[in-house]
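Worksheet: the structure to be examined is printed underneath.
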Protein chains: 2
Amino acid sequence: MPRSTRQRSAIHNAINHADRPVSPTEILDAAQADVPSLGIATVYRTLKLLETAGEITPVELPGEPPRYEPAGKAHHHHFHCRLCDRVFEVEGCPGAIKDILPKGFTLESHDITLYGLCSDCN
Amino acid sequence: MPRSTRQRSAIHNAINHADRPVSPTEILDAAQADVPSLGIATVYRTLKLLETAGEITPVELPGEPPRYEPAGKAHHHHFHCRLCDRVFEVEGCPGAIKDILPKGFTLESHDITLYGLCSDCN
DNA sequence: GTCGTTGCAAAGCGTTTGCAGCCTA
DNA sequence: TAGGCTGCAAACGCTTTGCAACGAC
């Protein structure tokens, strides 16, 4: 069973208090407000731990380094704003994904990324 | 104006003769059949050149290094096999993407990635 | 006191770049 | 012949790992 340390709660907090998926560097910056000596290696190790424990989910966007968000959200996708570069959650899903699946292939999951302008940038 | 060299045609061929998006390493392996002395640096330099010239398109999948395919194809998406790690083209598109767009947002494009088992691995 | 955890630095890994020699035009 | 092109090796940025000191329990 993992131990409770200042580093880990700081990292956990940084992810849960963000209103959008955050990168390891952003997590480091935010968590260093609580634990100034925190190193990036600890952030990566803790992220792997939290992911294995099912507490966070990696958000992988095409051509982007991974971001992280709290786990347990309903099925959703992401919108990447071309201007401000922020990533937003998008509820729902066009349910016709399997219609385009080639014959002989088995579909297990899917990712959809939307691109354009968010409401702020519009 | 770029010069015509054995290296460049070997790289160009490797991409055009593949029936799926290929990674820089796969391109290197294939092109070395024509030019054994070919180095990975030349592959990367040529890829950038071909992309700028509009002859190839990068295929960016979540959490994956970029792959490349010939440009000019019709709108399509990609299937990533969980076992063999290869990427396949998927024709068509579930046309209801904009139904899930949040209010105030403008949709410019989208990426869909399917995951599962390809016909070979199935 | 144990042993999991941390920070630092070094090592990986894929990609880029500097440089001297090569080759197309 | 000139200047773009290539291969090698070193440099890079991000992520992972080895190791000795630290600290939760």
Side-chain angles (χ1 to χ4, degrees), chain A residues 1-15 18 21-69 80 85 87, chain B residues 1-15 18 20-53 55-69 78 80 84-87 113:
Chain A
M1 176 176 301
R3 292 182 182 171
S4 165
T5 65
R6 293 180 306 132
Q7 286 84 344
R8 286 183 182 169
S9 44
I11 292 170
H12 203 279
N13 275 341
I15 299 170
V22 283
S23 69
T25 307
E26 288 174 316
I27 294 169
L28 177 66
D29 290 344
Q32 278 184 337
D34 292 344
V35 185
S37 68
L38 181 63
I40 188 68
T42 299
V43 172
Y44 280 108
R45 279 187 283 234
T46 303
L47 285 175
K48 192 173 286 184
L49 212 73
L50 292 174
E51 183 181 347
T52 301
E55 298 189 34
I56 63 173
T57 305
V59 176
E60 310 261 25
L61 298 187
E64 293 277 315
R67 295 167 166 86
Y68 295 86
E69 67 183 11
H80 192 313
D85 201 49
V87 173
Chain B
M1 179 176 300
R3 290 182 182 171
S4 165
T5 66
R6 291 180 308 129
Q7 287 85 343
R8 287 184 180 169
S9 43
I11 292 170
H12 205 278
N13 275 342
I15 299 171
R20 56 186 177 80
V22 282
S23 67
T25 308
E26 288 175 314
I27 294 168
L28 176 67
D29 290 344
Q32 278 183 337
D34 293 344
V35 185
S37 68
L38 181 63
I40 188 66
T42 300
V43 173
Y44 281 108
R45 280 187 282 234
T46 304
L47 286 174
K48 192 173 288 187
L49 213 72
L50 291 175
E51 184 182 345
T52 302
E55 298 188 32
I56 63 174
T57 306
V59 176
E60 309 261 26
L61 297 187
E64 291 282 313
R67 293 168 167 84
Y68 296 85
E69 66 183 12
H78 294 97
H80 186 190
C84 68
D85 202 49
R86 287 183 299 175
V87 171
T113 309

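Naming: A, B, ... by sequence-line order, numbering from 1 per chain.
- Regarding L50(B), its CG atom lies at a distance of 14 Å from the C1' atom of dC5(D), rounded to whole Å.
- Going from atom CZ of R67(B) over to atom P of dG14(C) covers 12 Å, rounded to whole Å.
- Here I40(B) lies out of heavy-atom contact (under 4.0 Å) with every strand.
- Between S37(B) and dG7(D), a side-chain N or O to OP1/OP2 separation shorter than 4.0 Å is present.
- With rounding to whole Å, L49(A) atom CG is found 15 Å from dT16(D) atom C1'.
- One can place NZ of K48(B) at 14 Å from P of dC5(D), the figure rounded to the nearest angstrom.
- The interatomic distance linking E64(B) (CD) with dG14(C) (C1') rounds to 13 Å, in whole Å.
- Taking side-chain N and O atoms only, T5(B) has no distance below 4.0 Å to OP1 or OP2 of dG4(D).
- At least one side-chain heavy atom of L47(B) sits less than 4.5 Å from a side-chain heavy atom of P24(B).
- Considering only side-chain atoms of A41(B), the nucleotide from dT17(C), dT5(C), dT6(C) that sits closest is dT17(C).
- Across all strands, P36(B) comes closer than 4.0 Å to no nucleic acid atom at all (heavy-atom distances).
- Per the geometry, CG belonging to D85(B) stands 12 Å off P belonging to dG14(C), to the nearest Å.
- Closest non-hydrogen pair, T42(B) versus I11(B), comes out as O-CD1, 4.0 Å.
- Among the heavy atoms of the strands lying under 4.0 Å from S4(B) are primed sugar atoms or P, OP1, OP2 only; no base atom is included.
- Counting only N and O atoms by type, the side chains of H78(B) and E69(B) include a donor and acceptor under 3.5 Å apart.
- If you measure from atom CG of L47(B) to atom P of dG14(C), you get 15 Å, rounded to the nearest angstrom.
- R8(B) has a side-chain polar atom (N or O) that falls below the 4.0 Å cut-off from OP1 or OP2 of dT6(D).
- A donor-acceptor pair under 3.5 Å links the side-chain atoms of R8(A) to the main chain of R3(A), judged by distance alone.
- For R45(B) against dG4(D), no side-chain N or O and base N or O form a donor-acceptor pair under 3.5 Å.
- Dashed line: the shortest gap from a side-chain N or O of Q7(A) to OP1 or OP2 of dG7(C) is under 4.0 Å.
- In this structure, the side chain of Q32(A) does not engage the main chain of D29(A) through any donor-acceptor pair within 3.5 Å.
- Nearer to the 5' terminus of DNA chain C, by closest-nucleotide assignment, is the contact made by T25(B) (compared with the other of R3(B) and T25(B)).
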